[in-house]
Every structure is written in C-alpha cells, then in structure tokens.
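Data first, discussion second: the structure below is written as structure tokens.
Everything quoted here is computed from the prediction, not taken from an experiment. Positions are given from 1, in the same order as the sequence printed here.
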Amino acid sequence: MSRNQLNVRASDELAKLIDKKRVQLSSQLGVIPSRSDVVRFALENYLGVKLSDIDSDGRKAPAKRKRTA
C-alpha cells in the first residue's frame with residue numbers, strides 16, 4: 001500500500017489551537033507531539049479507527065519517555 005501526503009493549510013488561529021493541544025497532550029505522552037501527530041489523533045477520533053492499524057508503515061503515537069528530575 002502506498003502512502004499519500006496531504007497538504008493541509010491552517011489559519012494562524014487553527015495552528016495556535018493545535019499547538020495548545022500539543023502542550024496539553026505532552027503531560028499524557030511525556031513528549032510534545034508534532035502537529036502531524038495531533039492531526040492524526042483528531043482523525044482517529046473523528047473516523048473511529050486506529051491509524052496505526054490501517055497505515056502501511058504502522059506509525060504509532062510518540063512513545064512515552066521517563067522523566068528525570
């Protein structure tokens with residue numbers, strides 16, 4: 001299965017909302033996810049599927065890292 005790249009344009013306000021969600025998710029994931037990760041999470045919720053189950057490369061969300069401090 002081939003992978004297609006989608007070009008999605010976002011307003012400044014949408015980009016700010018995505019970045020805000022990235023920071024919120026960082027406490028759960030242990031890392032700040034990329035904007036692409038946030039879009040994938042949103043698509044999973046909207047479509048009701050796990051993208052890692054249907055994507056040919058098995059892409060998964062960022063692994064949770066141990067915090068040291």
Side-chain angles (χ1 to χ4, degrees):
M1 176 192 304
S2 66
R3 291 178 54 93
N4 296 312
Q5 183 174 1
L6 298 177
N7 181 11
V8 178
R9 296 182 189 268
S11 67
D12 289 341
E13 185 62 27
L14 180 56
K16 288 177 186 176
L17 290 170
I18 291 171
D19 288 341
K20 182 178 179 181
K21 182 54 100 175
R22 292 173 65 212
V23 172
Q24 290 173 351
L25 288 170
S26 70
S27 64
Q28 297 168 27
L29 300 175
V31 296
I32 297 176
S34 68
R35 286 178 172 170
S36 293
D37 289 331
V38 172
V39 171
R40 284 187 202 94
F41 295 148
L43 286 170
E44 284 181 344
N45 286 315
Y46 182 77
L47 299 173
V49 297
K50 294 278 297 164
L51 295 181
S52 60
D53 293 344
I54 62 173
D55 250 353
S56 62
D57 73 350
R59 186 177 305 267
K60 302 227 185 292
K64 190 170 184 175
R65 295 182 189 166
K66 291 183 180 178
R67 291 186 178 178
T68 57

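- Follow the hydrophobic side-chain contacts under 4.5 Å out from Tyr46 and you reach Val39 in the same cluster.
- Annotation: side chain of Leu25 is in contact with side chain of Phe41 (closest heavy-atom distance under 4.5 Å).
- Linking ILVMFWY side-chain heavy atoms closer than 4.5 Å, directly or via other members, places Val38 and Leu14 in a single hydrophobic cluster.
- A pairwise comparison of heavy atoms in Ala10 and Ala15 identifies CB-N, 4.5 Å as the closest pair.
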*Please assess Asp19 against Arg22 for the test salt bridge (Lys or Arg N to Asp or Glu O under 4.0 Å), listing each intermediate value before the final yes or no.*
CA-CA 5 Å; Asp19 288 341; Arg22 292 173 65 212; 3.2 Å; yes

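- In this structure, Glu44 contributes its side chain and Lys50 its backbone to no donor-acceptor pair below 3.5 Å.
- Taken from NZ in Lys21 to CD1 in Ile18, the straight-line distance is 11.5 Å, to the nearest 0.5 Å.
- Atom OG of Ser36 is separated from atom CG of Leu43 by 10.5 Å, given to the nearest 0.5 angstrom.
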